[in-house]
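Encoded as structure tokens, the structure appears first; notes follow it.
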Amino acid sequence: MGRVIVITSGKGGVGKTTACANIGVALAMSGRRTLLIDTDTGLRNLDIIVGLENNVVYDLLDVTSGRCDFDKAVLTYEKYPNLYILPTSQTGDKDDITPEQMIKLCSGLKERFDFILIDCPAGIERGFECATAPAEEAIIIASPDKASMRDADKVAGIIENSEYGAKKIYLIINRLIPELSDNGFMAGAAEVLFTVSVKLLGIVPEDPRVLIDSYEGILCVNDKRSEARKAYLNIARRIMGEEVKLTNYCKKRIFHKRYR
């Protein structure tokens, strides 16, 4: 049975969808059948990041409402034969999908995929509830600034106390700038972990190649010049059960633990 993992954040702009796409591609490149589901109805972006925006005909709302079956709506990518994307609607509303519909959809797909990654809309309203409902695991994306850290901690608490509730919750610290952290102008990994007290899955450093690659229509996991590439590949390896030492991007000794 496949694993259903929601990728979420407390606020927008922290790189959640970019992380979802890169982790998904890394898993697919490792031979795992991986499905990405965009649940950010009305603000669909996942299809753009993976370069399939012109291929969308049907979407998540069409599937959950019964207007078409899953196989008609899902997108495939020649470059990544193990990667599948289910986009959502650009014109629909987050209230158009219920948590029960998402649970039913993912339950029926777990036999077909090794991993189902759900790209969750930012915030904690209806869309958040629907995206997190079918998930057994959650990955929270937080950048090392106070607002993001506080909101990520709140999201972790909501997931832990939800009637659905992911059994495992992990944290990815995104867009860390080592120089600013070392000089005290940005939170370091230790401070983020102190605020958001869940297991650390990985740290992704700030990397201009991520934006450049996005503009050029590629993902940083395919760009050997990208600093973020190795971080995402290692995160995927940890998700698959490998024990991979965490990289300390800062000069200060912050931690020496391994993700387990």
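Of all heavy-atom pairs between L27 and A236, the closest is CD2-O, 3.8 Å. Closest approach of P144 to I173, counting heavy atoms only: CD-CG2, 4.4 Å. Contact record, L176 with A187: CD1-O, 3.6 Å, taken as the closest heavy-atom pair. Residues I97 and M102 come closest through the heavy atom pair CG2-CG, 3.8 Å. Nearest heavy-atom pair, M29 versus N222, reported as atom, atom and distance to 0.1 Å: SD-OD1, 3.6 Å. Nearest approach of T34 to G24, heavy atoms of both residues: CG2-O, 3.8 Å.
At a threshold of 4.0 Å, the pair E137-K167 does not count as salt-bridged, since none of the basic side-chain nitrogens sits closer than that to a carboxylate oxygen. Ion pair E206/R175 flagged as a salt bridge, since at least one NZ, NE, NH1 or NH2 atom sits closer than 4.0 Å to an Asp/Glu carboxylate oxygen. At a threshold of 4.0 Å, the pair D223-R209 counts as salt-bridged, since one of the basic side-chain nitrogens sits closer than that to a carboxylate oxygen. Salt-bridge check for D114 with R32: failed, with every basic side-chain N at 4.0 Å or more from each acidic carboxylate O.
Residues T132 and P99 fail the side-chain proximity criterion, which asks for heavy atoms closer than 4.5 Å. Counting heavy atoms from C-beta on, the side chains of F128 and V155 come closer than 4.5 Å. Counting heavy atoms from C-beta outward, L117 and I23 have side chains that approach closer than 4.5 Å. I141 places none of its side-chain heavy atoms less than 4.5 Å from the side chain of T8. Residues F185 and E179 have side chains not in contact (no heavy-atom distance under 4.5 Å, counting atoms from C-beta outward). Looking at I239 and Y170, their side chains never come closer than 4.5 Å, going by heavy atoms from C-beta outward. The shortest distance between side-chain heavy atoms of I139 and I5 falls below 4.5 Å. Contact annotation: the side chain of I116 approaches that of L35 to within less than 4.5 Å [non-hydrogen atoms, C-beta and beyond].
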task: Could you walk me through whether D213 and L219 pass the side chain to side chain contact (heavy atoms under 4.5 Å, CB included) test, one step at a time?
output: CA-CA 6 Å; D213 290 340; L219 291 165; over 6 Å; no
Side chain to side chain contact (heavy atoms under 4.5 Å, CB included) evaluation trace for Y84 with R112: CA-CA 11 Å; Y84 301 80; R112 298 177 57 178; over 6 Å; no
message: Using side chain to side chain contact (heavy atoms under 4.5 Å, CB included), reason through F70 and L109 one step at a time and then give a plain yes or no.
response: CA-CA 9 Å; F70 170 81; L109 294 172; 3.8 Å; yes
message: Walk me through whether E227 and V210 qualify under side chain to side chain contact (heavy atoms under 4.5 Å, CB included).
response: CA-CA 9 Å; E227 285 289 325; V210 174; over 6 Å; no
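The main-chain N or O of Y58 is never found under 3.5 Å from a side-chain atom of D62 such that the two would form a donor-acceptor pair. Panel note: side chain D40, backbone C120; no donor-acceptor pair is recorded below 3.5 Å. Not a single donor-acceptor pair under 3.5 Å links the side chain of D153 to the backbone N or O of M149. Judged by distance alone, the side chain of S65 and the main-chain N or O of L61 form a donor-acceptor pair under 3.5 Å. Proximity of a side-chain donor or acceptor of N45 to a complementary backbone N or O of L43 within less than 3.5 Å is detected. Of the possible donor and acceptor atoms, one in the side chain of Q101 sits under 3.5 Å from a partner among the backbone N and O of T98. Judged purely by atom type and a 3.5 angstrom limit, S181 has no side-chain atom pairing as donor or acceptor with the backbone of I177. Side chain of T18 to backbone of G15: no donor-acceptor contact under 3.5 angstrom is found. For the pair N174 (side chain) and V14 (backbone), a donor-acceptor distance under 3.5 Å is present. D38 contributes no side-chain N or O that, together with a main-chain N or O of R44, makes up a donor-acceptor pair within less than 3.5 Å.
Atom NZ of K16 is separated from atom SG of C20 by 8.0 Å, given to the nearest 0.5 angstrom. Atom CD1 in I140 sits 11.5 Å away from atom CG in L201 (nearest 0.5 Å). With values rounded to the nearest 0.5 angstrom, R3 atom CZ is found 11.0 Å from K110 atom NZ. Atom CG of L105 and atom CD1 of I37 lie 5.0 Å apart (nearest 0.5 Å). Here the CG atom belonging to L36 is positioned 5.5 Å from the CD1 atom belonging to I85, to the nearest 0.5 angstrom. Here the CZ-OG distance, from F115 to S30, works out to 9.0 Å after rounding to the nearest 0.5 Å.
Hydrophobic clustering, with ILVMFWY side chains joined whenever heavy atoms are under 4.5 angstrom apart, keeps L60 apart from L75. Criterion: ILVMFWY side-chain heavy atoms under 4.5 Å apart, direct or through other members. Under it, L193 and V196 are part of a common hydrophobic cluster. V74 and V56 fall into different hydrophobic clusters, where Ile, Leu, Val, Met, Phe, Trp and Tyr are joined by side-chain heavy atoms under 4.5 Å apart, directly or via other members. I7 and I172 fall within the same hydrophobic cluster, where Ile, Leu, Val, Met, Phe, Trp and Tyr residues are linked whenever their side-chain heavy atoms come under 4.5 Å apart, directly or through other members. Hydrophobic clustering, with ILVMFWY side chains joined whenever heavy atoms are under 4.5 angstrom apart, groups L46 together with Y80.
More than 12 heavy atoms of other residues, nucleotides or ligands lie within 6.0 Å of CD in E136, so this atom counts as buried by the packing criterion. With a 6.0 Å radius and a threshold of 12 heavy atoms from other residues, nucleotides or ligands, E216 has its CD atom above the threshold.
When only modelled atom types and interatomic distance are considered, T17 and D119 share a side-chain donor-acceptor pair under 3.5 Å. In this model, a donor atom of one side chain and an acceptor atom of the other lie less than 3.5 Å apart for S226 and D207. Between the side chains of T39 and T88, not a single donor N or O lies within less than 3.5 Å of an accepting N or O.
Under the 6.0 Å distance and 45° angle rule, R33 counts as a cation-pi partner of F113.
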